[in-house]
Amino acid sequence: MKNTYSIKKNKVLKYILKKGIYNTQNYIVVHYTKNDINSNYNNFAVCVSKKNGNSVQRNKLKRWAREVYKNEEDKLKKGYNIIILYKKTTIIDNLNFNDIKNDIINCFKELKLYE
RNA sequence: AGAGUAUUAGAAAUAGUCGCUUGGAGUUUUGCUUCAAGAGGAAAGUCCGGACACCGUAGGGCAAUGGUGCUAGAUAACGUCUAGUGGGAGUAAUCCUAAGGAAAGUGCAACAGAAAAUUACCGCCACUUAUUGUGGUAAGGGUGAAAACGUAAGGUAAGAGCUUACGAAAAAUUAUGGUGACAUAGUUUUUGUGUAAACCCCACCUGGUGCAACACCAUAAAUAAGAAGGUUAAGACUGCCCGUCAACUUCUGUGGUUGGUGGCUUGAGGUAUAUAGUGAUAUAUAUCCUAGAUAAAUGACUAUUUAAAACAGAAUCCGGCUUAUAGAAUGCUCUUUAG
RNA sequence: UGGGGUAUAGCCAAGUGGUAAGGCAACGGACUCUGACCCCGUCAUUUCGUUGGUUCGAAUCCAACUACCCCAG
């Protein structure tokens, strides 16, 4: 992930979740806003709730989301803050990597984040 | 066939594409290339014990609080472990055991029952004023979770460890064995309810906070005080000059916002062999260096083969305990059946 | 990372070793022309989050576990 930075401040996350535009799929919610500056980079974060399982399953969900973002990074527009949320009802037992991948790609398409 | 116990490992291999963290080397310069390494038996719960750091303390002791509680040993230490003793479960292998003191003192023991610790309701016996009385007695009845050693004989007015025989338990003491807990045997005395996971007594241990500890670097706002400087259109002493104060600038300091670095992984380490020991473990020699992230790395996909497989993710480190755990493998032991 | 607390009927909640008070709700009855208020009665029953232990006896004492909540920074 060359041109992205991770979001570290709690204030920024809350601002994006309040003011941002979002779209939902079966397992995933994506929020985004524009950056203040006309910049060449994106800010990115993944959130997994504690209701989604124990730490192994949460870690795996995070890795999947980061993997999808890494593969789709070059096609995206620049200058946005993006957050990927998992819904509280998603459980890892019935899921594959491809389900998550299709969800995220559909979200990005609906939000018109592709160039 | 069934059971017990101890230990081991806890998905693997090949090829390809993309990618993360740390370290080394190279190039070049802050990027790239290449090489190597990269989660567990419980990393979990945070239930104990330590290392380490800071605070407190001259050094030590007593008390309080809290904890532990058979013996000997191991260990840095422990509430842990090993080997035993006593008690309990099991045909057995084997397993379980907070297991000091109730004869230091206090408290409690509902209902029932006469009585829950020096007790007498019914009853038995004697005397009698002949009964709804006095005295003796605790064998029998009944209550209860628990009732003042058990059985038999003697004895007696009736009875009673009152006496005797056999047996049970406790205390003291002697002898033998054992490092010791304790065991065996004998003598004397006694038959004194239960509860300490109720207070308590006895013995031993115990200062507090915790890596978000702590150290260093840079840094925001406001600023007591001190030192130096000497700038001015400027305030005061003072009308002017010098000077001093104030103000100004810089530094120290105070204050503690934000970010970073260290602490951070070579250690009560691992592996192998030998020796000592029943064992936990210890000693010696040789050899090896095996995660160190910071919103948190160790991953994703494709193809082939075996397999269909759990519980589960390091966060300062170490020794234990407890809890979760698919299907397996290996060693030893016991019981039953058949040959 | 460290520390603390709670769990009792559908809901709220008392109960400090001797067999679980009370209120709301629910159900049944009574009153009323009908409904509400009022009145009477029933409802924890192998049982106090789960498991095990101490005790004659445990919601209560002890240990381990589960779920939820709070605090410091």
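Proteins get letters first, then strands, A, B, ... in listed order; numbering begins at 1 in each.
With a 3.5 Å ceiling on both atom-pair distances, C/G73 lacks any Watson-Crick or G-U wobble partner. Taking a pair to require two hydrogen-bonding distances under 3.5 Å in either a Watson-Crick or a G-U wobble arrangement, B/U7 pairs with B/A329.
Nucleotides C/C31 and C/A14, compared at atom C1', are 34 Å apart to the nearest Å. B/G90 and B/U190 are spaced 38 Å apart, taking the C1' atom of each and rounding to whole Å. Comparing B/A295 with B/A212, their P atoms are spaced 14 Å from each other, to the whole Å. Comparing the P positions of B/A42 and B/U305 gives a spacing of 37 Å, expressed to the nearest Å. Comparing the C1' positions of B/A93 and B/A9 gives an interatomic distance of 27 Å, to the nearest angstrom. Separation of the C1' atoms belonging to B/A329 and B/C317 is 35 Å when rounded to the nearest angstrom. Taking atom C1' in both B/U195 and B/C62, the straight-line distance is 34 Å, to the nearest Å. Comparing the same atom, P, in B/G277 and in B/A74 gives a spacing of 15 Å after rounding to whole Å.
For B/G24, the O4'-C1' to base torsion is more than 90° from 0; the nucleotide is therefore anti. B/A148: glycosidic angle beyond 90° from 0, hence anti. More than 90° away from 0 lies the glycosidic angle of B/U266, which makes this nucleotide anti. The glycosidic torsion of B/G161 lies within 90° of 0, placing the base in the syn range.
What separates CD of A/Q57 from P of B/A310 is a distance of 12 Å, to the nearest Å. Atom NZ in A/K62 sits roughly 18 Å away from atom P in B/C20 (whole-Å rounding). Nucleotide B/A39 holds its P atom 21 Å from the CZ atom of A/R58, rounded to whole Å. Note: CG (A/N59) to P (B/U294) measures 15 Å, nearest angstrom.
Between A/I100 and A/W64, the shortest heavy-atom contact is CG1-CE3, 3.8 Å.
Considering only heavy atoms from C-beta on, A/Q25 comes within 4.5 Å of A/E110 through its side chain.
Contact annotation: A/R66 does not reach the phosphate of B/A295 (side-chain N/O to OP1 or OP2, under 4.0 Å). Taking 4.0 angstrom as the limit, A/R63 places a side-chain polar atom (N or O) nearer than this to OP1 or OP2 of B/U298.
Here the nucleotide nearest the side chain of A/K60, chosen from B/G299, B/A300, B/A297, is B/A300. If you check B/A39, B/A300, B/A296 against the side chain of A/E67, the one that comes closest is B/A300.
Side chain of A/N23 to backbone of A/L111: no donor-acceptor contact under 3.5 angstrom is found.
A parallel orientation is assigned to the rings of A/H31 and A/Y22, their planes being inclined by less than 30° (bins at 30° and 60°).
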